[in-house]
Amino acid sequence: MTVTVRFAPSPTGNIHIGNARTALINWIYARQNNGTFILRYDDTDRVRSKQEYAEGIARDLAWLGITPDRVERQSERMQAHEAATRKLKDAGLLYACYESADELDRQRKRLAMRGLPPVYNRAGLRYSKEELAGFSAEGRTPHWRFLLPNHKGDPFKPERTEVHWDDLVRGPQTVDLASLSDPVLVREDGSWLYTLPSVVDDIDMGVTHIIRGDDHVTNTGVQIAIFEAMGADAPGFGHHNLLTTASGEGLSKRLGSLSLQALADDHYEPMAVASLATLIGTSGPVEAIASMDELVSHFDIASVTKSAAKFDVGELDKLNARLVHEMPFDAVAGRLAAAGVGGGETFWNAVRGNIDKVEEAAFWWQRVESATPQIDAEDAEFIQTAAELLPDEPWNETTWSVWTASVKEKTGRKGKSLFMPLRKALTGEGHGPELAALLPFIGRERTLARLS
Ligand code: GLU
C-alpha cells in the first residue's frame, strides 16, 4: 500500500512555524516511504475560509520546499460528507440534541460540583415525541452527536471501552471512550465540525497515516470509532509535540511574527526554518541542514519527544548564520545578482563568513562601492602615511598584506592600531569581512579617495 499522508490546514489565516512542523514531518515521512503527500484544505467553515489564505499556504509550503503531490478541498466533497452523515443517522449512530450552549454549560458545572467528569448525559436519546414536537414548533433545529460505542446495548450504561493504537511518535496509546462525551458532528445550522469530514476524506483519499499535533490525541480515539462505524479500517497515527513561543505560549494563527510569511520577509533561509521546525523537540541535536533531501535522510519521526518544544528566534538566527557561512556561491548567485551584488564567487566567499543573512552581502557590496570614511583625529597622520604607501595596481588578494607590511614598517604600528583605522577609513565600519578580500574590489582610486 502506498504511504499516503496529508497536511490538512484550515485556510483561515497564515500558517506559522508550528503548522510548518506538521507539514514538514508529513512531507518527510512521505518522501522517506516513496509515498504521496496531499495538501488538503479543511475549508468546511465557509465564513472563515478564504481563498487568499489557501494561496498563502501553498506559497509558504513551496517556500519551504514542499510541493504537494495532490491538492484537495473539503468544500468540494460535501456530497460525500452528506452521504456519511446519512449513513450514521440510518445506523442510529448520529442523534439529534437540542440543548443550548448555556444548558450544556450548566450541566457540566453541576457534574463538576459533584466531582464527576463533564461527560454528556445522552439526554438527546431520551426525548419524547411531545418534546420533539415542541422543539420543532419553537423552530429549533438540532445539533447531532455521534453515539460512541462505549456500551453493550444500553447507551445509558457506558462501560470502559479502550481504543488502542501504536502511535508513530508516542508508542502504544489508549483512549477510554467512556471518558468522553459523544462528539457533536453536525451543528444546528447543518454545517459539519471538522471531525466527520476529516474521517470521510481520509478514507476516500486512501490516507494511510495521519500525522498531526498531539492536541488531537483524544480526537483520535473518537475518530477511530468513526472509521469503524463507517466500515473502514483506521489508518496509522502519529502525534508530534507542539511548538510554543519562547515564553511558553501556544502558537496561534494570529501570532504574525512567527508566520512563515513573516520569516520569509525577514530573509531567513527556508532550510534554517525547516531544520529548526523539524528537529526541535526531538531527541537529536538541532542542526542546520542544507537541503530538504538531507533533512529527509536525517530525520526520524520516532525521535520526536512528548513534551512541548520552545521555538526560539535566537536559535533560528544561529542556524541561519551557519547555513550562510557554508553556502556555496552557486546556491546564491541568482539572489546576489538580483540584489545588485557584484564580485562573483570571490566576493561571496569573502563576505559569507561575516554575515548572518544572505541579503547582508548587499550591505558589504555597497561599502565596496561607496563608504563614508571614519578617520579619528589621532589617526590622521597615520592614514596619510598609509595613503602614500599604497601599492600600484594591478591588485589582488595579496595587496593588503604587502601594503600593511610597509605601513607597519614605516609607522611602527601593529595589530589593532594598524588595521582598525584602515578598516574604518576604507569601509566606514568597525567590523566586517577580511580587508584583504575587499581591497581589490574597492580598487586603488576609491581607496586613495577614502584615505584623503
Ligand atoms: N484541520 C485540522 C487542524 O488544522 C486538521 C487536523 C488533522 O490533521 O486531522 O487541526
Using modelled atom types only, decide if a donor and an acceptor are shared between the side chain of Glu393 and the backbone of Arg444 within a distance under 3.5 Å.
yes

Side-chain donor-acceptor pair under 3.5 Å between Glu287 and His298, yes or no?
yes

Less than 4.0 Å between a side-chain N and a carboxylate O, is that true for Glu429 and Lys424?
no

Distance-only side-chain donor-acceptor flag, His164 / Glu162, under 3.5 Å
yes

For residues 65-72, please give each side-chain donor-acceptor pair under 3.5 Å, one per line with the distance, not counting sequence neighbours.
from: Asp69; atom 1: OD2; to: Arg31; atom 2: NH2; distance (Å): 3.0
from: Asp69; atom 1: OD2; to: Phe37; atom 2: N; distance (Å): 2.7
from: Arg70; atom 1: NE; to: Glu72; atom 2: OE2; distance (Å): 3.3
from: Arg70; atom 1: NH2; to: Glu72; atom 2: OE2; distance (Å): 3.0

I'd like to know if Asp379 pairs up with Arg413 as an ion pair, taking the criterion as any Lys NZ or Arg NE/NH1/NH2 lying under 4.0 Å from an Asp or Glu carboxylate oxygen.
yes

Salt-bridge criterion met for Arg423 and Glu434 (N-O under 4.0 Å)
no

Using the side-chain contact (heavy atoms from CB on, under 4.5 Å) rule, pick out the option among Val199, Val222, Thr195 that qualifies with Leu185.
Thr195

For Tyr41, which of Gln74, Gln51, Arg73, Glu76 qualifies under side-chain contact (heavy atoms from CB on, under 4.5 Å)?
Arg73

Could you list the donor-acceptor pairs under 3.5 angstrom formed between side-chain atoms of residues 323-332 and any protein atom two or more places apart in sequence or on another chain?
from: His325; atom 1: ND1; to: Ala321; atom 2: O; distance (Å): 3.4
from: His325; atom 1: NE2; to: Ile355; atom 2: O; distance (Å): 3.0

Whether the Ser191 and Asp45 side chains hold a donor-acceptor pair (N or O, under 3.5 Å, no angle test) is what I'd like checked.
no

Looking only at the side chains, is there a donor atom on one of Asp42 and Ser10 sitting less than 3.5 Å from an acceptor on the other?
no

In the structure I gave you, are the side-chain heavy atoms of Trp395 and Leu390 within less than 4.5 Å of one another anywhere?
yes

So salt bridge (Lys or Arg N to Asp or Glu O under 4.0 Å) across residues 6-29, not counting sequence neighbours, yields Arg6-Asp202

